[in-house]
There are 2 protein chains.
Amino acid sequence: MDTETAGTPAPRRNTLTKEVVIRTAVALADEAGTGVPSMRRLGDRLGIEAMSLYHHFRNKDLILDGMIDLVFSEIELPPGDLPWQAAMRLRSASMRDALTRHPWAIRLMDSRTNPGRATLRHHNAVIGCLRSGGFSIAGSSHAMSVLDSYIYGFTLQELSLPFTSSAGLEDVAGSIMEQLPHEEFPHLSEMLADRGLKGDYAYKEEFDVGLGLILDGLERGREGWR
Amino acid sequence: MDTETAGTPAPRRNTLTKEVVIRTAVALADEAGTGVPSMRRLGDRLGIEAMSLYHHFRNKDLILDGMIDLVFSEIELPPGDLPWQAAMRLRSASMRDALTRHPWAIRLMDSRTNPGRATLRHHNAVIGCLRSGGFSIAGSSHAMSVLDSYIYGFTLQELSLPFTSSAGLEDVAGSIMEQLPHEEFPHLSEMLADRGLKGDYAYKEEFDVGLGLILDGLERGREGWR
DNA sequence: GGTTCTACCCTTACGCCGTAAGTGTAGCCG
DNA sequence: CGGCTACACTTACGGCGTAAGGGTAGAACC
């Protein structure tokens, strides 16, 4: 065990690898909705001063890049042995899961511009799945655009809701209903009364409704995009 | 002009109204991608110390709420005298425009939980449009979910691109193409070569492709959702 | 063994941030 | 005139990312 013969230089001392730092940062971000940890908090958790982190990362953005790539690495790639629609269903669900498990991630995505390997691998696999499903390059591009937009947008809205459990839903909907001037917003009022208070407004199902609609539309347009 | 007879208390001195503050905050946020201004910068622009703002707003979140509501107020409501699909096309385009004009807005949306009047009015109008287009309550709910998810998600991705003008596109795509290990990500590589470098990859058109697909799907499911 | 080098970590400091707490004052009302 | 209130200011605190530079354990070479 002490005779390191690996190709990596085999660090000499406390060996604080980038991977450990990023994993810790993700774990900290997931704990209690405090969002992305500060350098000082991250250092604390690692038993290190904040400034020591700058020995491993030139600046904080590089840590954020790593965090995003770690999230992407958790998303299942579309299985190659399934029809493209089923494969897309799986990876879409997995993507929504990952973004929900790490609520801070989607807020970060639009500020990252350097995709990591896991991110590239993910996109590559998605395109590959579509192409072997019979989509042209243009078609794959359209399909990926609609699908990703939907998944990001849906999750963004889902995460912005002021409650977490489905139990809290009725309370919130109720208090909104009380404050809302019903004469001014009759349609909104009606929908909240019908959908919100019933309590059966499951987000998982809602996600699948939209996803199914989009997949059907893609199948219909598949041959047309050249 | 000096004899104020309006219902509002008619302020006595320097009259720094909430509306002016919020408008200034939006203007500052729009200038150079610095994002939402700090309280000190906002105060500076208004010729006021930062802390004086707390006389008008209990905390910064209330200012952010106001900024979001102002953005919503800029979105055109779906015209009542058009078929629902055409009306939705118009408000969707207007929504994307507003979110693009104020790139900081979409990042803020998921942290706001108190919708303003313009926001409520917007949602109410959208539901009303769908309902009079023949959708049931459940159907309107589904339609709104898919549409808003798509618009948010598409704009989010569009804003996260590392370039602004369509001129900068080719440069970026080119430099990505150089760095990318083509053997490892063949499909991604192929798509970038085909779509990116051609330079005709217009985002406006891409947006309309997905939107049309969704609207068609909604029309097809309209009668089915009860 | 002794020397040197370097990867790793630490200290101090700067200019930002949101905001708690308290102070001053101009202008209206009685 | 006196008092009140709306509006603005001052000072201060703890936290942020990070620039600049200092120290030291342990491997590498003589």
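In what follows, chains carry the letters A, B, and so on, assigned in the order in which the sequence lines appear, proteins first and then strands, with residues in each chain numbered from 1.
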- request: May I ask you to evaluate whether S52(A) reaches the phosphate of dC10(C), defined as a side-chain N or O under 4.0 Å from OP1 or OP2?
  value: yes

message: Tell me the interatomic distance from L53(B), atom CG, to dC17(C), atom P, rounded to whole angstroms.
response: 13 Å

task: Kindly state which residues belonging to residues 40-51 of chain A come within less than 4.0 angstrom of DNA chain C, counting heavy atoms of the residue only, listed by number.
output: I48(A), E49(A), M51(A)

field: ring-ring contact (aromatic ring centres under 6.0 Å, His included) contacts in which one or both residues fall within residues 41-64 of chain A, not counting sequence neighbours
entry: none

- prompt: Can you check whether R96(A) reaches K204(A) side chain to side chain, under 4.5 Å on heavy atoms?
  reply: yes

task: Starting at atom CG of L28(A), determine the distance to atom P of dC16(D), rounded to an integer number of angstrom.
output: 12 Å

task: Could you list the residues that satisfy salt bridge (Lys or Arg N to Asp or Glu O under 4.0 Å) with E49(B), not counting sequence neighbours?
output: none

Nearest listed nucleotide, side chain of Y54(A), among dG18(C), dT18(D), dA6(D): dT18(D)

For residues 40-48 of chain B, dump all side-chain donor-acceptor pairs below 3.5 Å to protein atoms at least two apart in sequence or in another chain.
unit_1: R45(B); atom_1: NH1; unit_2: E31(B); atom_2: OE2; d: 3.1
unit_1: R45(B); atom_1: NH2; unit_2: E31(B); atom_2: OE1; d: 3.2
unit_1: R45(B); atom_1: NH2; unit_2: E31(B); atom_2: OE2; d: 3.4

field: With E178(A) via salt bridge (Lys or Arg N to Asp or Glu O under 4.0 Å) - residues at least two apart
entry: none

message: Heavy atoms from C-beta onward define the side chain here; which of dC9(D), dC7(D), dG17(D) lies closest to that of K60(A)?
response: dG17(D)

message: Before we go on, tell me: are the rings of Y150(B) and Y150(A) under 6.0 Å apart, centre to centre?
response: no

task: Report the distance from atom NE2 of H55(B) to atom P of dA26(C), rounded to the nearest whole Å.
output: 16 Å

message: Just N and O in the side chain of S38(B): are any of them under 4.0 Å from OP1 or OP2 of dC17(C)?
response: yes

query: Can you name the side-chain contact (heavy atoms from CB on, under 4.5 Å) partners of A118(A), sequence neighbours left out?
result: D69(A), F72(A), S73(A), R121(A)

field: Spacing of L62(B) atom CG relative to dG18(C) atom C1', expressed in whole Å
entry: 14 Å

statement: From CG of L64(A) across to C1' of dC16(D) the rounded distance in Å is 14 Å

- request: Look at the side chain of H56(A) and decide which nucleotide, out of dA8(D), dT19(C), dC9(C), has an atom nearest to it.
  value: dC9(C)

- line: To the nearest angstrom, the CZ-P distance between R58(B) and dA20(C) comes to 10 Å

